Enquirer: 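The structure's right below; bear with me while I get my questions together.
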Protein chains: 2
Amino acid sequence: MPREYRMTKRADASRETRERIMNATMQLHDEKGVARTTFADIAKRAGIGQATLYRHFPSVGDLVQACGGHVWVEMRPLTPDNAAVAFKGLTDPTARLEKLVDEVDAFFSRGELRLHLAGRDRELVPELDQFLSAVEAGISAYVGEALAPMKLSKQSIAAVNAVMSFPMWQQLRRMKLPAQKSRQLTIRLISCAIGAAQDL
Amino acid sequence: MPREYRMTKRADASRETRERIMNATMQLHDEKGVARTTFADIAKRAGIGQATLYRHFPSVGDLVQACGGHVWVEMRPLTPDNAAVAFKGLTDPTARLEKLVDEVDAFFSRGELRLHLAGRDRELVPELDQFLSAVEAGISAYVGEALAPMKLSKQSIAAVNAVMSFPMWQQLRRMKLPAQKSRQLTIRLISCAIGAAQDL
DNA sequence: AATTTGACGGAGTATCTATTTCACGGAATT
DNA sequence: AATTCCGTGAAATAGATACTCCGTCAAATT
């Protein structure tokens, strides 16, 4: 008969190594990407044995998922449930567009490195793909919400989504425009995209 | 004193295994990406010993470079020296834009899989990066040539380059528009981009 | 025909990677 | 205090991967 075991003090220690693992993991993921980070790497960086690592996270997936939580918080992605409140009170279509661009740009800036690295390995690590799908869903929700009053065609919305995608953002960033000009360019590009896709 | 050795018949055999290696390599690169393809994989697929593989290609770089040549030919990328002739005789700016879109779209379609896979690993394999840089230089040359008569600002040209980038093409492709509509949308998007970036 | 050359591949070695085993020792419980 | 529990990490295992050595044999040369 197993004796009941509540574990108070030890839980703290365990939680602490768990956090050390996750810090080491995120550090390494940022340095060499997710797919190329090994268990041995992580254990060494965290200063623990590999068996300990396995006890806490039996598979890469578990690890990525756990880190995903942290990263999600740090990155503050746009979420569908925030979409509505973000645009509340903005009646002017242009103001909504500006708000959209600012929100998305701020988010991409926050997450630049990790979105880039995650994108590289999303086809190899299912959890990364989930993560990025969630991210994309959030952006899509913002786009939909921003454009809602305009009653646009499906195509127009899809076109705006394409322009507001992370790859496109990266591409525009390579132009190295000052923030204000970059903002303005993006806004114009979106306005254009709407019109361009409306009557196809 | 080394005896001189001209090698006629044997050269053929050697060249044939060399080609078998390159076929196997390109096959595997297409299946699992460049960075995740191993020497053992290639040797097994080519039906040869690993030592033979190393004799022909001492490093991954050599292999990638050699395959790059083949791929380059198969893909028929846009090259700076072809840019001028491609637009020769087209005086109407719109016609030039259409030509640009068609050429780039045809190229991206031809190279879709490999451009995608190469892009994933370009930071890990210097030769891939060179390859893609050359590809991008070609596209950029086409863009420059197409827009040359319009005397646009640097920014406008850069903006068009962003819209004509492979990542953006992939994004637009996800809309699954029929070819004609996709073409039209892209053309409009470019026209927009020009105006949008002109007076920043 | 005898001899030299060099491509070939089997069979290594060394390192890396994933995963498990196990004994230890401190914490939790009785 | 005695006993049970369980997190820990050193070390072992197994398989993958990079890279090399060397004997074989047909081709090339004399």
Side-chain angles (χ1 to χ4, degrees), chain A residues 1-25 27-29 31-67 121 124-127, chain B residues 1-25 27-29 31-67 121 124-127:
Chain A
M1 49 183 159
R3 144 197 315 196
E4 73 175 84
Y5 208 79
R6 274 186 304 279
M7 204 163 59
T8 56
K9 254 181 161 173
R10 300 193 66 158
D12 295 339
S14 183
R15 189 163 31 247
E16 205 234 291
T17 60
R18 187 184 163 88
E19 285 194 3
R20 210 156 63 252
I21 290 170
M22 286 172 57
N23 284 336
T25 304
Q27 220 171 301
L28 287 163
H29 282 177
E31 288 170 20
K32 37 197 287 185
V34 175
R36 295 179 66 79
T37 297
T38 73
F39 274 66
D41 280 339
I42 297 169
K44 186 185 292 181
R45 178 70 63 100
I48 61 171
Q50 294 196 38
T52 307
L53 179 50
Y54 272 90
R55 173 171 308 281
H56 283 267
F57 302 97
S59 77
V60 199
D62 299 313
L63 200 41
V64 172
Q65 206 150 24
C67 290
D121 293 340
L124 299 172
V125 184
E127 289 78 10
Chain B
M1 49 184 158
R3 144 197 314 197
E4 74 174 87
Y5 208 79
R6 275 186 302 278
M7 202 162 61
T8 56
K9 252 180 162 174
R10 300 191 67 156
D12 296 340
S14 184
R15 189 164 30 248
E16 205 234 294
T17 61
R18 188 185 164 89
E19 285 194 2
R20 209 155 65 251
I21 291 171
M22 287 172 55
N23 283 337
T25 304
Q27 220 171 300
L28 286 163
H29 282 177
E31 287 169 21
K32 37 197 287 187
V34 175
R36 296 179 64 79
T37 297
T38 72
F39 275 67
D41 280 340
I42 297 169
K44 188 185 292 180
R45 179 71 63 99
I48 62 171
Q50 292 195 39
T52 306
L53 180 48
Y54 274 91
R55 173 175 312 282
H56 284 267
F57 302 98
S59 78
V60 200
D62 298 313
L63 201 40
V64 171
Q65 204 151 25
C67 291
D121 294 339
L124 300 172
V125 184
E127 289 77 11

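If you're wondering where the values come from, they're calculated on a predicted model, not measured in any experiment. Quick note on labels: first sequence line is chain A, next is B, and so on, each numbered from 1.
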Enquirer: List for me each residue that meets side-chain hydrogen bond (donor to acceptor under 3.5 Å, both in side chains) alongside A/S59, sequence neighbours excluded, and say none if there are none.
Expert: A/D62

Enquirer: For A/Q65, what residues pass the side chain to side chain contact (heavy atoms under 4.5 Å, CB included) criterion, not counting sequence neighbours?
Expert: A/E127, A/Q130

Enquirer: Just jot down the side chain to side chain contact (heavy atoms under 4.5 Å, CB included) partners of A/A51, sequence neighbours excluded, or say none.
Expert: none

Enquirer: Can you list the residues that meet the side-chain hydrogen bond (donor to acceptor under 3.5 Å, both in side chains) rule with B/Q27, with sequence neighbours excluded?
Expert: none

Enquirer: Among residues at least two apart in sequence or on other chains, which ones pass salt bridge (Lys or Arg N to Asp or Glu O under 4.0 Å) with B/E19?
Expert: none

Enquirer: Which protein N or O atoms sit under 3.5 Å from an N or O of nucleotides 27-30 of chain C?
Expert:
from   : atom 1 : to    : atom 2 : distance (Å)
C/dA27 : N3     : A/Y5  : OH     : 3.4
C/dA28 : OP1    : A/T8  : N      : 3.3
C/dA28 : OP1    : A/T8  : OG1    : 3.3
C/dA28 : OP1    : A/K9  : N      : 2.3
C/dA28 : OP1    : A/R10 : N      : 2.8
C/dA28 : O4'    : A/Y5  : OH     : 3.0
C/dT29 : OP1    : A/R6  : N      : 2.4
C/dT29 : O2     : A/R3  : NH1    : 2.8

Enquirer: According to the ring-ring contact (aromatic ring centres under 6.0 Å, His included) rule, which pairs have a member within residues 46-66 of chain B, sequence neighbours left out?
Expert: B/F39-B/Y54

Enquirer: Please tabulate, one pair per line, each protein N/O and nucleotide N/O from nucleotides 13-15 of chain C that are separated by under 3.5 Å, including the distance.
Expert:
none

Enquirer: Run the side chain to side chain contact (heavy atoms under 4.5 Å, CB included) test against B/R20 and tell me which residues pass, sequence neighbours left out.
Expert: B/E16, B/I48

Enquirer: Other residues, nucleotides and ligands only: do more than 12 of their heavy atoms fall within 6.0 Å of CZ on B/R36?
Expert: no

Enquirer: Whole Å only: how far is the CD1 atom of B/I21 from the P atom of C/dA7?
Expert: 12 Å

Enquirer: Could you tell me how far apart A/F57 (CZ) and C/dA18 (C1') are, to the nearest whole angstrom?
Expert: 17 Å

Enquirer: Is there a donor-acceptor contact under 3.5 Å from the side chain of B/S14 to the main chain of B/R10?
Expert: no

Enquirer: Rounded to whole angstroms, how far apart are CG on A/D12 and P on C/dG26?
Expert: 18 Å

Enquirer: Over all strands shown, is B/Y54 touching base, sugar-phosphate only, or nothing at heavy-atom distances under 4.0 angstrom?
Expert: base

Enquirer: Output all residues satisfying salt bridge (Lys or Arg N to Asp or Glu O under 4.0 Å) with B/R15, sequence neighbours left out; order by chain, then residue number.
Expert: B/D12

Enquirer: Would you tabulate the nitrogen or oxygen pairs shorter than 3.5 Å linking the protein to nucleotides 8-12 of chain D?
Expert:
from  : atom 1 : to    : atom 2 : distance (Å)
D/dT8 : OP1    : A/T17 : OG1    : 2.8
D/dT8 : OP2    : A/H56 : NE2    : 2.7
D/dG9 : OP2    : A/G49 : N      : 3.3
D/dG9 : OP2    : A/T52 : OG1    : 3.0
D/dG9 : N7     : A/T52 : OG1    : 3.4

Enquirer: Find the distance A/L53:CG to C/dT17:C1' and express it as a whole number of Å.
Expert: 13 Å

Enquirer: Applying side-chain hydrogen bond (donor to acceptor under 3.5 Å, both in side chains), name anything that partners B/D41, two or more places apart in sequence or on another chain.
Expert: B/K32, B/T38

Enquirer: In whole angstroms, how far is the C1' atom of D/dG15 from the CZ atom of A/F39?
Expert: 16 Å

Enquirer: Would you mind reading off the distance between A/I42 atom CD1 and C/dT17 atom P, rounded to a whole angstrom?
Expert: 12 Å

